[in-house]
Amino acid sequence: MALWAQMTPQLQYLPNQTLNELYPDTFPLDVRHYLASWIEEQRWETFDVDNMEQEPQARRLLDQMMHLLQEVAQLNPNVVERVKLQHISRNLSVFQQRPMQLVRTVRDILRKERHLLAQASMHPNFPPFQQIPQGPPAINGTPQPAREDGKTDVENLVVQVLEIQNLRQTLHQLQEDLNWEKQELESIQGQNELDPQHSDQVARQTRIQQLEYNYSVCAKKRVQLLHAALCALEQCQSCLILRIKSWRWEQHRATIGMHFDDNLGPLQTWCEQLLIVNGNLRQELMLVNRDHGGAEFHKLQESLAHLLQTLIQSSLVVDKQPPQVIKTQSKFSTTVRYLLGEKMAPGKPVLLKAQIITEAQARNLGQQGVVHNENVGELINSTAILEHNTSSKSTCATFRNMSIRRIKRADRKGSESVTEEKFALLFTTEITITGCESPYSIQAISLPVVVIVHGSQEINAMATIIWDCAFSEPNRIPFVVPDRVPWKQMCEALSSKFMSEVQTHRCLDRYNLHFLAQKIFDQPDISEDLSNMPVSWAQFNKEVLPGRNFTFWQWFEGVMDLTKKCLRDYWTDGLIFGFIGKQHLHVILQNKPSGTFLLRFSDSEIGGITIAYVGPAENGGRKIQNIQPFTKKDLDSAGLGDRIRDIICITHVYPDLPKDEVFKKFFTVPSPPNPDGYLPFKLTTVVNPGDQGSSTASIPPDTPMDIFGQPMSVYGRQEMFSPLPQSTPPYMPEQIPVQGPLFQSPMPQAPSSEEIDMEALEGILSSICQKD
């Protein structure tokens with residue numbers, strides 16, 4: 001097995017020609033894989049392939065190989081794989097007439113494998129033997145197990161159990177032969193009492209001694225294999241439980257839009273296979289204990305019983321989580337799945353009960369395995385029966401109309417809000433598995449939930465959930481989260497949540513994230529590396545933004561909601577610049593002709609989008625103005641495309657694309673006349689550029705502007721307009737690409753404090769710090 005364990009990771013790097021030569025059609029790779037342990041234990045090198053007297057021994061090996069392959073095929077849950085293995089087993093019969101050819105083939109394969117591995121060890125850079133990653137990338141510092149490893153481990157376990165069963169049968173046959181020989185010897189001794197050296201009697205005694213020796217060797221090997229199989233089962237089950245925890249962790253992270261494969265089928269198959277292996281090993285151990293007894297076997301039985309209990313209790317998972325923000329008196333649903341459902345003992349239905357628990361109770365549950373009887377909430381429709389679905393082969397309990405009638409709050413600390421208090425649903429039941437005498441108590445806990453009593457609390461409650469999902473650590477104490485996280489982690493969470501919520505493939509680019517950093521840290525002149533600067537929960541959703549009456553998350557959630565409901569296609573097509581500060585806005589529009597505009601999310605209003613455009617000024621120059629933001633209510637009455645078409649003072653979307661071409665597909669087709677004779681009407685958006693609104697000071701013709709929207713003559717440093725690579729703050733994640741063809745222009749660097757006339761700056765700040 002050790003040889004195959006070294007070869008397996010390297011196979012994908014071998015050329016197809018090498019693989020075909022190494023594993024011929026008469027002995028395919030599948031046989032080498034499934035029977036790896038057995039193959040390496042046989043003494044192929046001791047055969048003299050030219051000695052026909054060894055042919056019966058070679059034929060026995062062939063028969064064992066075919067039998068083992070048939071057993072592996074029968075235990076394989078994959079129908080296609082099962083049929084394939086049965087076909088391969090039948091094809092091995094070609095060696096029946098020449099069993100020594102099988103020996104030669106297997107021996108040559110093993111020699112070639114050793115040669116290739118030796119070559120790799122002498123030449124570490126040998127191309128076919130590069131290092132292979134052992135699993136998917138780490139998530140929050142926790143490496144994930146390779147998913148195919150479990151399948152291989154279970155297959156090896158099945159083969160080990162088959163070997164133990166074959167040894168038991170061999171021992172039984174040896175015992176019968178031994179009993180027969182002893183009986184025959186007694187008969188001969190009775191007939192030849194005067195001649196104890198009679199040749200037949202001596203031969204019988206020699207035969208008995210050989211049988212006793214063989215029996216002793218087989219019995220010892222049987223015990224050794226039992227120990228090895230138990231260790232392998234423990235390791236394999238540990239991998240399974242780690243994978244179940246990883247599945248739950250991925251389910252948790254899916255709340256912020258991270259990838260999550262919710263298919264539990266492979267894990268269910270894995271659980272069922274380990275249960276079968278455990279049962280077979282318990283049976284074999286019981287038989288060994290009957291034959292030999294001793295404290296050693298009692299300890300093995302205890303270990304198997306503990307593994308069985310852990311497997312049964314770890315197989316209950318919350319398949320479909322309840323909503324993580326739950327309003328009292330409102331219906332919700334959740335589904336709990338038992339991965340060993342097909343192995344449940346028939347008879348009495350299994351009733352699953354749900355209760356709501358506090359964070360402190362969840363913590364005690366993790367440490368002590370029990371929950372205090374204190375009732376913190378009243379659940380309606382809190383029971384469901386585990387039912388088996390034959391088509392999907394799943395066993396689930398679905399709570400379809402659950403509701404929280406009332407909730408008991410814990411004493412809050414300091415400024416903690418009710419929307420920061422976390423609860424969870426605990427599901428419990430007792431279950432009996434076929435072949436097990438007593439029932440097992442099992443339980444599963446949901447992801448943390450926040451309970452609210454009014455819809456106005458939902459956004460703040462969701463902030464608690466987002467922070468928990470994005471920044472909690474795996475295997476944490478429920479439901480501990482850090483109070484501060486690095487800004488780069490926040491960037492990842494915001495971009496992922498935005499794409500998931502809006503249902504778009506366009507992420508937040510580095511310019512968007514730059515503006516968000518400016519906003520949450522209240523540093524509009526930010527340019528240094530902030531990837532490791534800590535951002536706190538208070539900055540995220542407790543403290544209001546400067547000059548506003550809302551928090552950062554409330555504003556960001558409003559943008560997501562507006563984009564999801566009204567602007568998804570505009571955003572996906574790259575027509576909305578979105579998150580951009582006024583300084584950057586002035587930089588990219590200052591040298592554009594009148595009529596150039598871009599779409600940005602309102603900085604002062606929750607859930608608003610505004611049009612910033614270059615218009616003519618009274619002095620013959622240009623000025624940048626911002627149209628009053630459009631909210632969801634505005635865009636429900638007339639879409640953004642129609643409003644852009646109606647506004648005659650804007651002509652080209654940044655950088656220089658005609659609006660009638662870019663937004664054409666969003667224009668509404670005029671309605672036909674009504675059959676009742678009424679004339680149709682439409683809402684038209686009109687903007688009067690002469691109205692006093694949000695605008696910059698006038699820009700004289702051909703006068704360069706700095707990033708504060710002021711004429712360059714104030715500072716007299718035209719070289720301040722540096723190219724993009726010098727102006728991009730280094731903390732901006734390079735791996736987040738800019739989607740779409742728009743908004744690729746350079747963003748010049750803000751002048752340092754040494755380059756700015758501070759007295760002049762104080763005089764002009766009031767003219768640029770205007771609302772949208």
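Throughout, numbering of the chain's residues begins at 1 and tracks the sequence. Basis for what follows: all heavy atoms, side chains included, without hydrogens, waters or symmetry-related copies.
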Does the pair R548 and D603 meet the rule for a salt bridge (Lys or Arg N to Asp or Glu O under 4.0 Å), with working shown?
CA-CA 9 Å; R548 311 296 185 210; D603 188 47; 3.2 Å; yes
Whether K665 and D573 form a salt bridge (side-chain N of Lys/Arg under 4.0 Å from carboxylate O of Asp/Glu) is what I want to check.
yes
Below 4.0 angstrom, N of the basic side chain to O of the carboxylate: do D262 and K320 qualify?
yes
Heavy atoms, side chains only, cut-off 4.5 Å: are Q329 and R405 in contact?
yes
Shortest non-hydrogen contact between Q324 and T255, atoms and distance:
OE1-OG1, 2.8 Å
Approximate separation, where rounding is to 0.5 Å, of T334 OG1 and I326 CD1
8.5 Å
With distance as the sole test, does Q489 use its side chain to make a donor-acceptor pair with the main-chain N or O of P486 at under 3.5 Å?
no
Just wondering, do F630 and S637 contact through their side chains at under 4.5 Å, heavy atoms?
no
Nearest heavy-atom contact between R400 and S333 is O-CB, 3.7 Å
Taking the side chain as every heavy atom from C-beta outward, state whether V480 and E473 have any pair of such atoms under 4.5 Å apart.
no
Determine whether the side chains of Q554 and N460 contain a donor N or O and an acceptor N or O closer than 3.5 Å.
yes
Determine yes or no for a side-chain-to-main-chain donor-acceptor pair under 3.5 angstrom, with Q251 supplying the side chain and V318 the backbone.
yes
Do R600 and N626 have side chains that approach each other closer than 4.5 Å (heavy atoms only, starting at C-beta)?
yes
Taken to the nearest 0.5 Å, the spacing of N541 CG from M462 CE works out to 11.5 Å
Taking the side chain from T596 and the backbone from V614, do they hold a donor-acceptor pair closer than 3.5 Å?
no
Measure from the ring center of F515 to the ring center of H584 and say whether it is less than 6.0 Å.
no
For residues F579 and F556, establish whether the separation of their ring centroids is below 6.0 Å.
yes
Sub-3.5 Å donor-acceptor pair from the side chain of D319 to the main-chain atoms of T335, do we have one?
no
Heavy-atom closest pair, residues I520 and F540
CD1-CA, 4.4 Å
Just so I know, are the side chains of D522 and L545 near enough to count as touching, which here means a heavy-atom distance under 4.5 Å?
no
Do the side chain of Q321 and the main chain of L447 share a donor and acceptor less than 3.5 angstrom apart?
yes
Hey, is R643 close enough to D646 for a salt bridge, meaning N to O under 4.0 Å?
no
How many angstroms lie between atom NZ of K497 and atom CD1 of I466, to the nearest 0.5 angstrom?
4.0 Å
Side chains of Y511 and I580 in contact at under 4.5 Å (non-hydrogen atoms):
no
Report the distance from atom CD1 of I650 to atom CZ of R645, rounding to the nearest 0.5 Å.
12.0 Å
Are the side chains of L379 and I404 in touch, meaning some heavy atoms are under 4.5 Å apart?
yes
Taking C-beta and beyond as the side chain, do P655 and K592 meet within less than 4.5 Å on heavy atoms?
yes
Is it true that a side-chain atom of W555 and a backbone atom of F550 form a donor plus acceptor pair closer than 3.5 Å?
no
Atom CD1 of residue position I648 - does it have more than 12 heavy atoms of other residues, nucleotides or ligands inside 6.0 Å?
no
Report yes or no: does E661 contribute a side-chain atom to a donor-acceptor pair with the main-chain N or O of L657 at less than 3.5 Å?
no
S495 pairs by side chain to side chain contact (heavy atoms under 4.5 Å, CB included) with which of D509, L516, L508, N512?
L508
Note: K565-D636 ion pair, threshold 4.0 Å (strictly below):
no
Which heavy atom in V453 sits nearest to a heavy atom in K327, and how many Å separate them?
O-CE, 3.8 Å
Backbone N or O of E420 within a donor-acceptor pair of the S417 side chain at under 3.5 Å?
no
Below 6.0 angstrom between ring centroids: does that apply to F521 and W487?
yes
Please report the interatomic distance CD1(I452) to CD1(I407), rounded to the nearest 0.5 Å.
12.0 Å
Donor-acceptor pair between T504 and T572 side chains, under 3.5 angstrom
yes
Electrostatic pair K664:D660 at N-O distance under 4.0 angstrom:
no
Show, in sequence, the C-alpha distance, side-chain angles and deciding distance for I644 and L599, and conclude whether the side-chain contact (heavy atoms from CB on, under 4.5 Å) test is met.
CA-CA 10 Å; I644 290 174; L599 299 169; 4.1 Å; yes
Test side-chain contact (heavy atoms from CB on, under 4.5 Å) applied to I611 and V687, step by step
CA-CA 11 Å; I611 300 174; V687 173; over 6 Å; no
Does any N or O in the side chain of W553 come within less than 3.5 Å of the main-chain N or O of I459, such that one atom is a donor and the other an acceptor?
yes
On a heavy-atom basis, which atom in P323 and which in V449 lie closest, and how many Å separate them?
O-CG1, 3.6 Å
Stepwise, does the side-chain contact (heavy atoms from CB on, under 4.5 Å) test hold for L264 with W247?
CA-CA 9 Å; L264 282 168; W247 184 92; 3.4 Å; yes
Which heavy atom of A362 sits nearest to which heavy atom of I445, and what is that distance?
CB-CD1, 3.8 Å
Carboxylate-amine/guanidinium proximity below 4.0 Å for K564 and E501
yes
Set out, in order, the CA-CA distance, both residues' side-chain angles and the distance that settles side-chain contact (heavy atoms from CB on, under 4.5 Å) for L635 and L567, then state yes or no.
CA-CA 9 Å; L635 298 179; L567 306 172; 3.8 Å; yes
Against F601, only a single residue in T610, T563, I606 fulfils side chain to side chain contact (heavy atoms under 4.5 Å, CB included); can you say which?
T563
Strictly under 6.0 Å, is that where the ring centroids of F552 and W467 end up?
no
Ignoring hydrogens and geometry beyond distance, is a side-chain donor-acceptor pair present between T668 and D642 at under 3.5 Å?
yes
T631 and D634: side-chain donor and acceptor closer than 3.5 Å?
yes
More than 12 foreign heavy atoms under 6.0 Å from CD of E378: is that the case here?
yes
Given 3.5 Å as the limit, does a donor-acceptor pair link the side chain of Y613 with the main chain of T651, or not?
no
Between CZ of F597 and CZ of F577, what distance do you get to the nearest 0.5 Å?
14.0 Å
